[in-house]
Amino acid sequence: MNFKEILNSPVKQAFQAVYGAEIATEKIQFQETRKEFEGDVTLTVFALIAVSKKSPEITANEIGDWLVANNEIVAKYNVVKGFLNISFTPQYWLQEFDAITSSAKFGFSPITEKSPVVMIEYPSPNTNKPLHLGHLRNIFLGSAISEILKATGNKVVHTCLYNDRGTNISKSMLAWTMAGSKDTPENTGLKGDHLVGKFYVQYSNAFKAELEQLVASGLSKEDAEKQSKLNKQVSDLTLKWENGDADVRSLWSKMNGWVYQGFEVTYQWLGIKPEKFYYESDVYNLGKETVQEGLEKGVFFRKDDGSIWIDLTADGLDEKVVLRSNGTTVYITQDIAVANEKERDFNLDKSIYVVGNEQEYHFKVLFLILKKLGRKYADNLFHLSYGMVELPSGKMKSREGTVVDADDLIQEMLSMAKEKTAEKGKTEGQSDADLEALYRIIGMGGLRYFLLKVDPKKKMLFNPAESIETEGHTGPFIQYSYARIKSLLRKGGEIQTGKVSIADDKILPKEITLILTISGFPEVLNEAANTYNPSVVANYAYELAKEFNQYYHETHISKETDVALRNFRLQLSGQVAAVIQNAMQLLGIEVPEKM
RNA sequence: GGUCCCGUAGCUCAGGGGAUAGAGCAACUGCCUUCUAAGCAGUCGGUCGCACGUUCGAUUCGUGCCGGGAUCACCA
């Protein structure tokens, strides 16, 4: 299928015939032919002149001559320095196109009984405040990777771990109680997660004020924190929760319930639906058994104060506590427990954690501990680490109110889409419901594309003005290209499917380029899956759309009078649309029939 | 300080041993009485952070340095 692989053995034969010498496969290096030269693929011959014992130019020419004479798919060649630019015959490209159109969903692999089971965990938020821009990058990455893995033949299980207990939620509970316990999502009209988040902010402000007062009275910052009454109340509340205090537990359930309801609404907007939830409140005690096991195996050790540790200095890391001196578990102990639960529940081939890069150290330690405990699945764990989203004004800080709220941002994107659509004035004949759907497709598509087009591991800048742009390297640009093809197909009339029947000399260079680009889709998909990098797919879709727009501009398609030729061009356009749609689907982005 | 990540056009980002390093935005110029101008074509813009090394060939690989970020809690 891959035309580079197709040429491997002909090139070997050429060397055998021309120079009577063997060459190793890894010496045969192909690359894409640069746009300014003619050709479909380029062989770099520098590595081969040791065998040919001739200059790069002569070697390239002799190999080129042999290929044209002896290989029926090689039409012609040209040589620039040591680069042999090879052009395939039109028949080859038409056959390639036939093969592409006859496959059900080009580039996708089926999921079968034997497909590996891959778990992917995201977004795993805390339950004390609403989702923000960082969660959006997390969710878009997680869902895009899921789709990419499914498309490459994996069964995917989506999980989400809720950090639903502890200090943070206690702060929201305390503030709510102090404020008089009247507010609910129903009577305030606030989304549950926003209501709870409001009280979290209230607590933070009150705490800050209390600290300032204590510091003003002459205490050091540390002493002030120790003497803080609010701080003490939060600890008490957390302790009561741990002791199962009925009132605290019931308030806790109520407030978490509000948050889950709020998250559910956001999830629906974002199109995600975790199949399995884990709750820290369920597992936070389970880790203790594993700590015991680790002690028995000599992996962990106990310090004088009763706390339990692992020494990872031999692995270039530090000592890490796994159980506090008061016998309670820490974050990593809980994660050990969750990893065990996941494995027990699903018997996984692979388990991916989509978590920001600030937790790289944590996951390194976690995986290492599991390995030392002898867990066989430890080698199948993978931290999909992504960079932070920064704002032009700097970092987002929830305490300073500089976060971009996910729900607000979604609403902004929708109204942007509405505004731009009205501006373009192409809405006639579409119902209100159609238009609402269109705004959602454009608004959400634009946002997703904006966050996904950047390499996940890099930190990225979120510029609000750029994010709502619909021109250039954006989601709406690609969506527009798709809609325009759909319009072409509506106007072009009946298309005959099946084998293309046009004369060889009728195929245009740009059409070959398009077939070449389309035929690269499976490779793109594989690369995205192997490197867990949706930006590869995002950039590919842009490239394809851009190339089609050039073609569209310089070629008559639905207006072509030669019937067979029109049919081919419509077929090609339709195939471009299909690949754009499939690529965008992998990113979780829908494409509109009209826009 | 240790470890990890990043430095490519004014800005946001691609590329990743090979040819004259690419897009988008911004600025400027053309193209809508023919298939959707959310488009297309063009102009302007680069010491690929710096140095040394490996190589026929380095923006790409290695080492060192400089600059930016993350992390190294009995927080999660």
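Below, read A as the first sequence line, B as the second, and so on, with proteins coming before strands; counting in each chain starts at 1.
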Interatomic distance at [atom1], [N] relative to [M], whole Å:
N: B:U29; M: B:U34; atom1: P; answer: 24 Å
N: B:A51; M: B:C56; atom1: P; answer: 23 Å
N: B:U60; M: B:G7; atom1: C1'; answer: 14 Å
N: B:G39; M: B:G69; atom1: C1'; answer: 39 Å
N: B:C11; M: B:G18; atom1: C1'; answer: 30 Å
N: B:G22; M: B:A14; atom1: C1'; answer: 7 Å
N: B:G15; M: B:A23; atom1: P; answer: 15 Å
N: B:C75; M: B:A21; atom1: C1'; answer: 46 Å

- Check: A:K510/A:Q550 side-chain N/O donor and acceptor closer than 3.5 Å: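 Yes, a side-chain donor-acceptor pair sits under 3.5 Å.
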- Item | Any N/O donor-acceptor pair, A:S535 side-chain to B:A14 base, under 3.5 Å | no
Just to verify, what does [X] make a side chain to side chain donor-acceptor pair (under 3.5 Å) with, not counting sequence neighbours?
X: A:N285; result: A:K288
X: A:D311; result: A:T313
X: A:S487; result: none
X: A:Y532; result: none

Answer with base, sugar-phosphate or nothing: what part of the nucleic acid does [X] contact at a heavy-atom distance below 4.0 Å?
X: A:V80; result: base
X: A:N326; result: nothing
X: A:Y542; result: sugar-phosphate
X: A:N85; result: base
X: A:N463; result: nothing

- Item | For A:F277, ring pair (Phe, Tyr, Trp, His ring centres under 6.0 Å) partners two or more places apart |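 Checked A:F277 against ring pair (Phe, Tyr, Trp, His ring centres under 6.0 Å); matches are A:Y162.
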- Which residues pass the ring pair (Phe, Tyr, Trp, His ring centres under 6.0 Å) test with A:Y361, sequence neighbours left out?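 If we apply the ring pair (Phe, Tyr, Trp, His ring centres under 6.0 Å) test to A:Y361, skipping adjacent residues, there are no hits.
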Send over the distance from [X] [atom1] to [N] [atom2], rounded to a whole Å.
X: A:F363; N: B:C72; atom1: CZ; atom2: P; answer: 13 Å
X: A:F450; N: B:A23; atom1: CZ; atom2: P; answer: 20 Å
X: A:L48; N: B:G18; atom1: CG; atom2: C1'; answer: 13 Å
X: A:H383; N: B:U71; atom1: NE2; atom2: P; answer: 12 Å
X: A:D164; N: B:C75; atom1: CG; atom2: P; answer: 18 Å
X: A:E358; N: B:G68; atom1: CD; atom2: C1'; answer: 17 Å
X: A:R34; N: B:G15; atom1: CZ; atom2: P; answer: 15 Å
X: A:Q359; N: B:C75; atom1: CD; atom2: P; answer: 15 Å

- Task: Tell me which of A:E32 and A:L323 sits closer to the 5' end of RNA chain B, going by the nucleotide each one is nearest to.
- Result: A:E32
- Message: Please compare A:T44 and A:I332 by the position of their nearest nucleotide in RNA chain B and report the one closer to 5'.
- Response: A:T44
- Item | B:A76 phosphate, OP1 or OP2, under 4.0 Å from A:R165 side-chain N/O |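 So the side-chain polar atoms of A:R165 never come under 4.0 Å of the phosphate oxygens OP1 or OP2 of B:A76.
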- Mutual orientation of the aromatic rings belonging to A:F450 and A:F462 [parallel < 30°, tilted 30-60°, perpendicular > 60°]: perpendicular
- How are the rings of A:F521 and A:Y540 set relative to one another: parallel (under 30°), tilted (30 to 60°) or perpendicular (over 60°)? parallel
- Does A:F46 lie flat on the base of B:G18, that is, centres under 5.5 Å apart and planes under 30° off? yes
Quiz: residues 383-394 of chain A side-chain donor-acceptor pairs under 3.5 angstrom, not counting sequence neighbours:
unit_1	atom_1	unit_2	atom_2	d
A:H383	NE2	A:V355	O	2.8
A:S385	OG	A:E360	OE2	2.6
A:Y386	OH	A:N138	ND2	3.1

- Note on the structure: Heavy-atom closest pair (A:F207 atom, A:S228 atom, distance to 0.1 Å) is CE1-OG, 3.3 Å
- Message: Quick check for you: among B:G24, B:C13, B:U20, whose closest atom lies nearest to any side-chain atom of A:L461?
- Response: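 Closest of the options to the side chain of A:L461: B:C13.
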- Is the shortest side-chain N to carboxylate O distance from A:R569 to A:E511 below 4.0 Å? yes
Sort me out a list of protein N/O and nucleotides 2-6 of chain B N/O pairs below 3.5 Å, or just none if empty.
unit_1	atom_1	unit_2	atom_2	d
B:C4	O2'	A:E360	OE1	3.4

Could you go through residues 435-448 of chain A and list every donor-acceptor pair under 3.5 Å that involves a side-chain atom there, pairing it with any protein atom two or more places apart or in another chain?
unit_1	atom_1	unit_2	atom_2	d
A:R440	NH1	A:E590	OE2	3.1
A:R448	NE	A:G588	O	3.2
A:R448	NH2	A:L270	O	2.5

Show which side-chain atoms of residues 420-429 of chain A pair as donor or acceptor with protein atoms under 3.5 Å away, not counting sequence neighbours.
unit_1	atom_1	unit_2	atom_2	d
A:T421	OG1	A:A417	O	2.6

- Query: For B:C56, does the glycosidic angle fall within 90° of 0 (syn) or outside that (anti)?
  - Reply: anti
- Item | Annotated protein contacts, base or backbone, on nucleotides 31-40 of chain B with a non-hydrogen cut-off under 4.0 Å, one of B, S, - each | ---BBBSBBS
- Query: Given Watson-Crick or G-U pairs with both distances under 3.5 Å, what dot-bracket string fits RNA chain B, with | for other-strand pairs and [ ] for crossing?
  - Reply: (((((((..((((....[...)))).(((((.......))))).....(((((..]....))))))))))))....
